A.B. asks: 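Next up is a structure, given as structure tokens.
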Amino acid sequence: MAAKIISGNEVAAEIRAELKERVAELKEKGIFPGLGVVLVGEDPASVSYVTSKAKGSQEIGMFEETIRLPADVAEDEVLKVIDNLNKDPKFTGILVQLPLPEHISVEKVINYISPEKDVDGFHPVNLGKLLRGEPCPLPCTPHGVQQLLVRSGNDPSGKHVVVCGRSNIVGKPLAAILMQKAKGANAVVTVVHTGAKDISYYTKQADILVAAMGRPQAITADMVREGTVVIDVGVNRIPDASKKKGFRLAGDVDYGPVSEKASFITPVPGGVGPMTVTMLLYNTVESAIRLSQQQ
Ligand code: NAP
């Protein structure tokens with residue numbers, strides 16, 4: 001039986017509509033969420049991500065400003081900009097678009113963002129809180145995966161979730177989110193990576209399988225059990241001369257054959273992708289509330 005498609009576009013639209021209402025209510029109470037985005041250089045993919053963050057903010061009625069810096073900007077200058085954003089109450093969330101040019105330390109930059117305004121959820125203080133199960137901004141892509149599961153009626157509680165990939169931005173924080181003794185979590189989580197001798201041994205035991213490897217179509221139908229919920233985080237560019245841009249996007253899952261066995265599946269594009277920016281908007285609104293409570 002063909003899998004039901006979990007549409008990230010639809011879930012993201014639902015969350016954005018909720019956020020729009022919340023922003024309007026907050027503004028009436030004198031709380032103004034605002035997002036500061038720092039863009040270094042003009043990498044086309046980064047420019048496109050930053051544009052979608054600005055558009056998303058506008059859509060929910062939230063203030064947003066992008067600070068554009070040249071690719072050869074000194075690291076100190078970037079830190080100064082972050083310092084200003086940390087101090088400026090107009091900004092309840094700060095995001096530095098990654099990747100950064102090689103001469104700038106990503107760790108230094110992330111550590112410099114005030115944890116209260118770290119809406120990417122990458123600051124070590126927030127990652128520590130996440131592990132301890134304390135309230136904190138959750139990293140956006142894994143949080144988006146959790147929302148896709150919960151809102152499609154696939155609550156992970158008590159399920160065996162197998163996460164393929166252990167990066168700091170997807171695999172590790174997703175495992176940390178889903179293993180918590182909390183609503184929308186409480187799963188038994190297995191994380192696989194290149195150290196596993198045969199990942200199919202693990203993927204076949206999954207109730208929920210999350211692919212976040214950056215390997216096009218690496219998850220094939222023989223690796224998936226009938227009825228598994230499959231979430232594809234991967235975004236890979238495949239050369240394709242028939243496309244105007246010269247490439248097409250493919251996930252980490254061999255979509256056609258796997259969707260014949262899965263009970264639910266996310267497409268690429270239109271699955272996890274639209275959730276990432278949405279959860280960033282969510283974090284910025286939440287952080288405005290938290291900051292207002294500290295005053
Ligand atoms: P990453 O930093 O390259 O990490 C990939 C992880 O997958 C690593 O832990 C690696 O294991 C593991 N891996 C790679 N090949 C494997 C294999 N054959 N078997 C088992 N494990 C394997 O990637 P990432 O940043 O997490 O991103 C993963 C994918 O998600 C990429 O396609 C990226 O574009 C996409 N992504 C999408 C969004 C979105 O918004 N939709 C956001 C972020 C990322 P080792 O640790 O052992 O090397």
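Note that the structure is predicted; figures quoted are calculated from it, not measured. All ligand and atom numbering here is 1-based and tracks the order in the structure.
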A.B. asks: Can you list the atoms of ligand 1 that are under 4.0 Å from a heavy atom of A212?
C.D. replies: 5 (C), 6 (C), 7 (O), 28 (C)
A.B. asks: Are V170 and I177 connected into the same hydrophobic cluster when the rule is that any two of I, L, V, M, F, W, Y join if their side-chain heavy atoms are below 4.5 Å apart?
C.D. replies: yes
A.B. asks: Quick one: does S167 get an N or O within less than 3.5 Å of an N or O on ligand 1?
C.D. replies: yes
A.B. asks: Could you state whether L131 and L127 fall into the same hydrophobic cluster, counting links through intermediate Ile, Leu, Val, Met, Phe, Trp or Tyr residues with side-chain heavy atoms under 4.5 angstrom apart?
C.D. replies: no
A.B. asks: Mark the output for G273 as yes if a heavy-atom distance to ligand 1 is under 4.0 Å, and as no if none is.
C.D. replies: yes
A.B. asks: Look only at the side chain of K117 and the backbone of I94, and say whether a donor-acceptor pair between them is shorter than 3.5 Å.
C.D. replies: no
A.B. asks: Would C140 and V277 satisfy side-chain contact (heavy atoms from CB on, under 4.5 Å), going step by step from the backbone distance to the final call?
C.D. replies: CA-CA 7 Å; C140 302; V277 174; over 6 Å; no
A.B. asks: Heavy atoms only, cut-off 4.0 Å: how does V233 contact ligand 1, side chain, backbone, both, or neither?
C.D. replies: both
A.B. asks: So, 4.0 Å and heavy atoms of C164: is ligand 1 close enough to count as a contact?
C.D. replies: no
A.B. asks: In terms of hydrophobic clustering (I, L, V, M, F, W, Y; side-chain heavy atoms under 4.5 Å; direct or indirect links), are M179 and L148 co-clustered?
C.D. replies: yes
A.B. asks: Is there a chain of hydrophobic side chains (I, L, V, M, F, W, Y, each step under 4.5 Å between heavy atoms) that links L178 to L209?
C.D. replies: no
A.B. asks: Look at atom 5 (C) of ligand 1 and find which of M213, H193, R237 reaches it with the closest heavy atom.
C.D. replies: M213
A.B. asks: Please list the nearest protein heavy atom to atom 40 (O) of ligand 1 with its residue and the distance rounded to 0.1 Å.
C.D. replies: T276 OG1, 2.7 Å
A.B. asks: If you have a sec, work out which protein heavy atom is nearest atom 31 (C) of ligand 1 and how many Å separate them, to one decimal?
C.D. replies: G214 CA, 3.5 Å
A.B. asks: How far is atom 32 (O) of ligand 1 from its nearest protein heavy atom, and which residue and atom name does that atom have?
C.D. replies: V235 N, 3.0 Å
A.B. asks: Using a 4.0 Å heavy-atom cut-off, say whether T194 meets ligand 1 through its side chain, its backbone, both or neither.
C.D. replies: both
A.B. asks: Relative to the ring of F63, is the ring of F91 parallel (under 30°), tilted (30 to 60°) or perpendicular (over 60°)?
C.D. replies: tilted
A.B. asks: How close does the nearest protein non-hydrogen atom get to atom 42 (C) of ligand 1, and which residue and atom is it?
C.D. replies: T141 OG1, 3.3 Å
A.B. asks: Quick one: nearest non-hydrogen protein atom to atom 25 (O) of ligand 1, plus distance?
C.D. replies: I169 CD1, 3.5 Å
A.B. asks: Consider every N or O of V272 and every N or O of ligand 1, then say whether any pair is closer than 3.5 Å.
C.D. replies: no
A.B. asks: Any side-chain donor paired with an acceptor under 3.5 Å for S157 and D155?
C.D. replies: no
A.B. asks: Which of the numbered atoms in ligand 1 are below 4.0 angstrom from a heavy atom of V170?
C.D. replies: 26 (O), 43 (C), 44 (C)
A.B. asks: Between N186 and P156 (side chain of the first, backbone of the second, donor and acceptor by atom type, cut-off under 3.5 Å), is there such a pair?
C.D. replies: no
A.B. asks: Go through ligand 1 atom by atom and flag the ones less than 4.0 Å from a non-hydrogen atom of N236.
C.D. replies: 32 (O)
A.B. asks: Using the side-chain contact (heavy atoms from CB on, under 4.5 Å) definition, which of the options I219, V224, D198, V230 pairs with T203?
C.D. replies: I219
A.B. asks: Under 4.0 Å from ligand 1, counting heavy atoms only, is it the side chain of N168, its backbone, both or neither?
C.D. replies: neither
A.B. asks: Could you list which atoms of ligand 1 come closer than 4.0 Å to a heavy atom of R166?
C.D. replies: 6 (C), 8 (C), 9 (O), 45 (P), 46 (O), 47 (O)
A.B. asks: Does any part of the side chain of I238, heavy atoms only, come nearer than 4.5 Å to the side chain of D240, both counted from C-beta?
C.D. replies: no
A.B. asks: Relative to the heavy atoms of G165, which atoms of ligand 1 are at a distance of less than 4.0 Å?
C.D. replies: 6 (C), 7 (O), 9 (O), 12 (C)
